[in-house]
Amino acid sequence: MAYLVTIADLKTHVYQENLDEMTREDTDITQDCIDSAIQEAAGFLYSKYDVTKLLGTPDTDPTVIDKNLQRKVKDIVKFYLVTLSNPNIDYQSAMDTYQMAIDNYFKLVQNGRISPPGWPYLDKDDIPTPPDGDTIEANSNIKRRHR
């Protein structure tokens, strides 16, 4: 399986004949949309949650399967697919579900207003530390006075 969402999982959001028409039966295009959606979701979650356990990688399956998270990622994938071509799919509806996934779910999870039960937190020991010795200097011009 690898990622939380596979091409076969999209059947709940997009009919196969529509998927074939949008991608011209190119599974690489569909997989690219899935990869992009996974990366977008991971961007909201990576600082707090273990995204490898939640979303998986191309080589490893996720260890925690959250159907709600899976549905939100599929909403993102559907929107990416519809932007290619939208045969028999309402573009506005796809965009609305994409916006709801981002604004009403991922941003709230990122800000800590929603804490999904059972999600594995990121192990703080795995966070890389910045290299030592790098300094940052900041200064500004003298404040100007008008008379």
Side-chain angles (χ1 to χ4, degrees), residues 1-140:
M1 178 174 146
Y3 279 138
L4 178 67
V5 174
T6 64
I7 294 172
D9 294 329
L10 295 177
K11 65 184 173 193
T12 61
H13 281 57
V14 180
Y15 291 120
Q16 186 63 47
E17 58 271 15
N18 291 340
L19 181 63
D20 291 342
E21 190 172 338
M22 286 185 285
T23 63
R24 297 185 179 170
E25 299 183 26
D26 186 348
T27 58
D28 290 340
I29 293 172
T30 308
Q31 190 59 53
D32 181 58
C33 290
I34 291 171
D35 294 345
S36 296
I38 292 286
Q39 291 304 313
E40 184 169 357
F44 288 100
L45 306 175
Y46 80 95
S47 64
K48 186 174 182 180
Y49 295 101
D50 189 334
V51 295
T52 302
K53 290 180 181 176
L54 283 172
L55 301 171
T57 67
D59 301 321
T60 59
D61 292 342
T63 57
V64 176
I65 305 297
D66 184 325
K67 293 295 185 181
N68 191 32
L69 175 62
Q70 188 179 43
R71 176 171 287 284
K72 301 303 184 209
V73 172
K74 286 192 274 187
D75 288 339
I76 296 170
V77 174
K78 178 181 176 182
F79 180 68
Y80 288 166
L81 289 167
V82 169
T83 59
L84 297 172
S85 164
N86 58 346
N88 299 320
I89 297 176
D90 181 18
Y91 179 84
Q92 186 63 46
S93 175
M95 187 171 70
D96 289 346
T97 56
Y98 169 81
Q99 283 299 124
M100 285 190 301
I102 298 300
D103 293 337
N104 295 340
Y105 191 71
F106 285 110
K107 286 184 180 177
L108 294 176
V109 169
Q110 181 184 40
N111 295 332
R113 297 187 67 204
I114 296 176
S115 295
W119 282 21
Y121 288 101
L122 184 64
D123 185 8
K124 297 298 181 186
D125 295 335
D126 293 340
I127 299 173
T129 58
D132 291 333
D134 291 346
T135 59
I136 298 173
E137 182 178 324
N139 53 39
S140 63

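FYI, side chains are in, hydrogens and waters are out, and symmetry mates aren't considered; it's all heavy atoms of this structure.
- Inter-residue side-chain proximity for Ile102 and Phe44 is flagged as met; some heavy-atom pair is nearer than 4.5 Å.
- Here the CD1-CG distance, from Ile38 to Leu55, works out to 5.0 Å after rounding to the nearest 0.5 Å.
- Shown are Val14, Leu10, Val77, Thr6; of these, the side-chain contact (heavy atoms from CB on, under 4.5 Å) with Thr30 is made only by Leu10.
- Annotation for Gly112 and Lys48: closest pair CA-NZ, 3.9 Å, computed over non-hydrogen atoms.
- A 4.5 Å side-chain heavy-atom check between Tyr49 and Leu122 finds every atom pair outside the cut-off.
- A donor-acceptor contact shorter than 3.5 Å links the side chain of Asn111 to the backbone of Lys107.
- For the pair Asp75 and Met100, the minimum side-chain heavy-atom distance is 4.5 Å or more.
- Residues Tyr80 and Ala37 share a closest heavy-atom pair of CE1-N, 3.5 Å.
- Closest non-hydrogen pair, Ile89 versus Met22, comes out as CD1-CE, 3.7 Å.
- Here NE2 of His13 is found 9.0 Å from CD of Gln70. Values are rounded to the nearest 0.5 Å.
- Residues Pro120 and Val64 form a side-chain contact, since some pair of their non-hydrogen atoms from C-beta on lies under 4.5 Å apart.
- Side-chain contact between Glu40 and Tyr98 is present, with at least one heavy-atom pair separated by less than 4.5 Å.
- Note that CD of Gln39 is 13.0 Å distant from CD1 of Ile34, once rounded to the nearest 0.5 Å.
- Annotation: side chain of Val73 is in contact with side chain of Phe106 (closest heavy-atom distance under 4.5 Å).
- Between Trp119 atom CH2 and Lys53 atom NZ the span is 14.5 Å, to the nearest 0.5 Å.
- For the pair Pro116/Leu69, no side-chain contact is recorded, criterion being any heavy-atom separation below 4.5 Å from C-beta on.
- Once rounded to the nearest 0.5 Å, the distance linking CG of Asp90 with OG1 of Thr97 reads 9.5 Å.
- Rounded to the nearest 0.5 angstrom, Met95 CE and Lys78 NZ are separated by 13.0 Å.
- The two atoms that bring Ile65 and Pro62 nearest to each other are CD1-CG, 3.6 Å, heavy atoms only.
- Put simply, the side chain of Thr23 gets close to the backbone of Leu19: a donor and an acceptor are under 3.5 Å apart.
- Residues Gln110 and Gly43 approach most closely at NE2-O, 4.2 Å, considering heavy atoms.
- No side-chain heavy atom of Asp61 sits less than 4.5 Å from a side-chain heavy atom of Tyr3.
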